[in-house]
Amino acid sequence: MAFWLFKSEATTWSWEDQVAKGDAGEEWDGVRNYQARNFMREMKIGDRGFFYLSQKDKAVVGIVEVCAESHPDSTTDDDRWECVDIKAVRAFSVPVTLDQIKSDDRLADMVLVRNSRLSVQPVADREWQVVCELGRTDPD
DNA sequence: GCCAACGTTGGC
DNA sequence: GCCAACGTTGGC
């Protein structure tokens with residue numbers, strides 16, 4: 001099982017919006033970046049991801065799970081763009097802020113730190129464990 | 001609100 | 001196929 005990070009803006013798609021979709025989940029649509037799309041193509045059902053809020057919050061706030069593998073993005077007719085579906089698994093006990101992540105030596109290589117603009121990114125196993133620990137949340 | 005970093009587009 | 005111009009993202 002692989003780990004990922006999905007970036008959203010709370011004003012566009014919040015954690016509460018994601019939770020409201022329940023186990024049915026929702027398309028992670030709107031991605032128009034090849035790197036991000038390619039990562040989604042690699043995802044398998046059951047893979048886990050962090051739900052990160054950019055801009056105002058700048059924090060990881062919860063864990064999601066991939067519940068449908070890559071398929072055409074329903075928000076465009078352009079067949080270059082695909083997306084997966086994800087569902088909320090659980091909220092973090094405490095959000096883990098970008099500041100915390102940047103100041104933790106163990107997370108220095110996170111894509112979030114190295115390439116802040118990429119909206120869908122891989123997370124290393126070790127990074128997954130550390131961020132869950134900082135969020136005082138069960139990593140499984 | 002600014003701007004650096006990055007990705008994409010289009011002229012040559 | 002290169003690269004200048006432009007648009008967007010996201011941290012500050």
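Here the structure is a predicted model, which is why all the values come from computation and not from measurement. Naming convention: chains lettered A, B, ... in sequence-line order (proteins, then strands); numbering from 1 in each chain.
Scored by the side chain to side chain donor-acceptor pair (under 3.5 Å) test, A:Thr11 finds no partners at all (sequence neighbours excluded). The side chain to side chain contact (heavy atoms under 4.5 Å, CB included) check on A:Asp125 picks up A:Phe3, with sequence neighbours excluded. Here A:Ser116 pairs with nothing under the side chain to side chain contact (heavy atoms under 4.5 Å, CB included) rule; sequence neighbours left out. For the side chain to side chain contact (heavy atoms under 4.5 Å, CB included) test, residues two or more places apart in sequence or in another chain that qualify with A:Val94 are A:Arg136.
Within residues 29-37 of chain A, no residue approaches DNA chain C, by heavy-atom distance under 4.0 Å.
Contacts of A:Lys56 with the nucleic acid, taken as non-hydrogen atoms under 4.0 Å apart, are absent. Within 4.0 Å of A:Leu98, counting heavy atoms only, lie sugar-phosphate atoms of the nucleic acid but no base atom.
Evaluated for a side chain to side chain contact (heavy atoms under 4.5 Å, CB included) with A:Val60, the options A:Phe6, A:Phe51, A:Tyr52 yield exactly one hit, A:Tyr52.
Legend: ring-ring contact (aromatic ring centres under 6.0 Å, His included) pairs involving residues 92-119 of chain A, not counting sequence neighbours, sorted by first then second residue: A:Phe50-A:Phe92. The salt bridge (charged side-chain N to carboxylate O under 4.0 Å, His left out) pairs that include a residue from residues 50-73 of chain A are A:Arg32-A:Asp73, A:Arg48-A:Glu65, where partners are two or more places apart or lie in different chains.
Contact footprint of chain A on DNA chain B: nucleotides with an atom under 4.0 Å from a non-hydrogen protein atom, first to last in 5' to 3' order, B:dA5 to B:dT8.
Each of A:Asn115 and A:Gln55 was assigned the nucleotide of DNA chain B with the nearest heavy atom; the assignment lying further toward the 5' end belongs to A:Gln55.
Taking Ile, Leu, Val, Met, Phe, Trp and Tyr as members and joining any whose side-chain heavy atoms lie under 4.5 Å apart, directly or through other members, the hydrophobic cluster of A:Trp81 also contains A:Tyr34.
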